[in-house]
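All values derive from a computational prediction rather than experimental measurement. These values consider heavy atoms only, across backbone and side chains, with no hydrogens, waters or symmetry-generated copies.
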Amino acid sequence: MRIDQALALGRQLQSDTAQLDAELLLAEVLQVQRSYLMTWPERSLSTSQKRRYEQLLARRRQGEPVAHILGRQGFWNLELAVSSATLIPRPDTETLVDLALSECRKERAEVLDLGTGTGAIALALATERPHWRIVAVEVVPEAVALARQNTEQLGLENVEVLQSCWFDQLAGRQFDLIVSNPPYIDPDDPHLHDGDVRFEPVSALVAGEAGLADLRHIASCAQGFLRAGGQLMMEHGYDQGAQVAALMRAYDFVDVKVTQDLAGRDRVTSGYKPESE
């Protein structure tokens, strides 16, 4: 089997990203960059490489995410280890990173990332702002270990990963910025039975109150962990912007706004703790 034939086989996957999936899996088997596949389409796979590629395609056909098959996922400018213990980092979440970098102007800020998962948000911020001190918390032990692994692999010394259910282990600590991508999907959402999310932990996806329970909990507690003038930013579903903005105002946040992702969908709602009088 030649490279071009292998890619043609991969394009038969029942996936919206079949071409990309095939390229990523074949590049993994051949241990080459994706550009190599376009440059040398006539080169042949060995028997073992063909067998391995077909095995990976079979896993993808069963719906297993490419990130889980490869054990890694790109986010921001990072390559992160991933596992079934937490969510796969998604491009939509880069909207939250962009907003944090543009709005928190302090050279030396104390930042909290709630429900860090792989560590994606915390680690992206840490690479861009080496003088920020970032605390990343996660309740699932396997995800805590994964976030610590990613932190160590990137050689970042300005990130502290803690096991905590939201704010439980943070008594007495104060932050300039709190960011979070919490569970926000309605338990009755039919999309939970489709695509990659079938292989991700339900606890990292679903929240009560039609997806608002964790967003509400964070908003209700965050004032006690923010310095005066500090900011809270939360990612949410495309149809939850108005609701999240309303609940943040209900918990006394000011200058609340909803920010859209690159597709123009509501994605992050932010607000400030009032300055001390």
Task: Non-neighbouring partners of L262 that pass side-chain contact (heavy atoms from CB on, under 4.5 Å), sequence neighbours left out - done: none

TODO: Might you work through the side chain to side chain contact (heavy atoms under 4.5 Å, CB included) test for L80 and L154, ending with a clear yes or no?
DONE: CA-CA 9 Å; L80 301 175; L154 292 168; 4.1 Å; yes

Task: Non-neighbouring partners of R61 that pass salt bridge (charged side-chain N to carboxylate O under 4.0 Å, His left out), sequence neighbours left out - done: none

- [ ] For K273 and L226, indicate whether the former's side chain and the latter's backbone hold a donor-acceptor pair under 3.5 Å.
- [x] yes

- [ ] Would you please name every residue forming a side-chain contact (heavy atoms from CB on, under 4.5 Å) with M1, sequence neighbours left out?
- [x] Q5, A6, L9, K50, E54

TODO: Would you indicate whether the side-chain heavy atoms of D113 and V137 approach each other to under 4.5 Å?
DONE: no

Open item on the list: With side-chain hydrogen bond (donor to acceptor under 3.5 Å, both in side chains) as the rule and sequence neighbours excluded, what pairs involving residues 148-158 come up?
Closed with: none

Indicate every side-chain donor-acceptor pair of residues 171-178 with a distance under 3.5 Å to a residue at least two apart or in another chain.
residue: R173; atom: NH2; partner: E160; partner atom: OE1; Å: 3.3
residue: Q174; atom: NE2; partner: G224; partner atom: O; Å: 2.9
residue: D176; atom: OD1; partner: K106; partner atom: NZ; Å: 2.8
residue: D176; atom: OD1; partner: R227; partner atom: NH1; Å: 3.3
residue: D176; atom: OD2; partner: E110; partner atom: N; Å: 2.7
residue: D176; atom: OD2; partner: R227; partner atom: NH1; Å: 3.1

Open item on the list: I'd like to know if the side chain of T127 and the backbone of A124 have a donor-acceptor N/O pair within less than 3.5 Å.
Closed with: yes

TODO: Say whether L146 and V135 are linked into one hydrophobic cluster, either directly or through other cluster members, by side-chain heavy-atom distances under 4.5 angstrom.
DONE: no

Task: Main-chain N/O of R59 paired to Q62 side chain as donor or acceptor, under 3.5 Å - done: no

Open item on the list: Side chains of T95 and D98 only: does a donor on one sit below 3.5 Å from an acceptor on the other?
Closed with: no

Task: Test log, rule side chain to side chain contact (heavy atoms under 4.5 Å, CB included), inputs S83 and H68 - done: CA-CA 6 Å; S83 77; H68 286 176; 5.9 Å; no

TODO: Taking the side chain as every heavy atom from C-beta outward, state whether L7 and L37 have any atom pair closer than 4.5 Å.
DONE: yes

Task: S164 side chain to Q169 backbone, donor-acceptor under 3.5 Å - done: yes

- [ ] State whether the side chain of R60 and the backbone N or O of E64 hold a donor-acceptor pair below 3.5 Å, judged by distance alone.
- [x] yes

Open item on the list: Would a single hydrophobic cluster contain both L112 and I218, if residues Ile, Leu, Val, Met, Phe, Trp and Tyr are joined by side-chain heavy-atom contacts under 4.5 Å?
Closed with: yes

- [ ] Could you tell me whether the side chain of E138 reaches within less than 4.5 Å of the side chain of V161, counting heavy atoms only?
- [x] no

Open item on the list: Looking at D16, I'd like to know if its CG atom is crowded, meaning that more than 12 non-hydrogen atoms belonging to other residues, nucleotides or ligands lie closer than 6.0 Å.
Closed with: no

TODO: Please name all residues satisfying salt bridge (charged side-chain N to carboxylate O under 4.0 Å, His left out) with D266, sequence neighbours left out, ordered by chain then number.
DONE: none

- [ ] With sequence neighbours excluded, tell me which residues meet side-chain contact (heavy atoms from CB on, under 4.5 Å) with S48.
- [x] S46, R51

Open item on the list: Taking atom CD as the centre, does Q14 end up with more than 12 heavy-atom neighbours from other residues, nucleotides or ligands that are less than 6.0 angstrom away?
Closed with: no

TODO: Please list, chain by chain and in numerical order, all residues satisfying side chain to side chain donor-acceptor pair (under 3.5 Å) with R216, sequence neighbours excluded.
DONE: E209

Task: A228: side-chain contact (heavy atoms from CB on, under 4.5 Å) partners, not counting sequence neighbours - done: E275, S276

Open item on the list: Under the criterion side chain to side chain contact (heavy atoms under 4.5 Å, CB included), I'd like the reasoning laid out for V144 against V139: C-alpha separation, chi angles, the key distance, then a yes or no.
Closed with: CA-CA 7 Å; V144 172; V139 69; over 6 Å; no

Enumerate, atom names and distances included, each donor-acceptor pair closer than 3.5 Å involving a side-chain atom of residues 246-256, sequence neighbours excluded.
none

- [ ] In sequence, state the C-alpha distance, the side-chain angles, and the governing distance for L25 and V29, and then conclude on side chain to side chain contact (heavy atoms under 4.5 Å, CB included).
- [x] CA-CA 6 Å; L25 296 176; V29 168; 5.7 Å; no

- [ ] Identify the heavy atoms of G117 and T86 that sit nearest to each other, and give their distance.
- [x] CA-OG1, 3.2 Å

Open item on the list: Test: ring pair (Phe, Tyr, Trp, His ring centres under 6.0 Å). Region: residues 221-242. Which pairs qualify, not counting sequence neighbours?
Closed with: F167-F225

Open item on the list: Quick test of your reading of the model: are R2 and D4 salt-bridged, counting only N-O distances below 4.0 Å?
Closed with: yes

Open item on the list: Donor-acceptor check, side chain of R90 to backbone of I88, threshold 3.5 angstrom: yes or no?
Closed with: yes

TODO: Mind running side chain to side chain donor-acceptor pair (under 3.5 Å) on W76 and E128 for me, showing each step along the way?
DONE: CA-CA 10 Å; W76 201 248; E128 298 290 341; 2.8 Å; yes

- [ ] Using only heavy-atom distances, determine whether the side chains of D21 and T17 contain a donor-acceptor pair under 3.5 Å.
- [x] yes

Open item on the list: Under a 4.0 Å threshold between the charged nitrogen and the carboxylate oxygen, would R265 count as salt-bridged to D92?
Closed with: yes

- [ ] Give a yes or no on whether the backbone of A100 and the side-chain of E103 come within a donor-acceptor separation of less than 3.5 Å.
- [x] no

Open item on the list: Please check this pair: side chain of E235 against backbone of S180, looking for a donor-acceptor N/O pair closer than 3.5 Å.
Closed with: no

Task: Residues which pass side chain to side chain donor-acceptor pair (under 3.5 Å) with E79, listed by chain and number, not counting sequence neighbours - done: R72

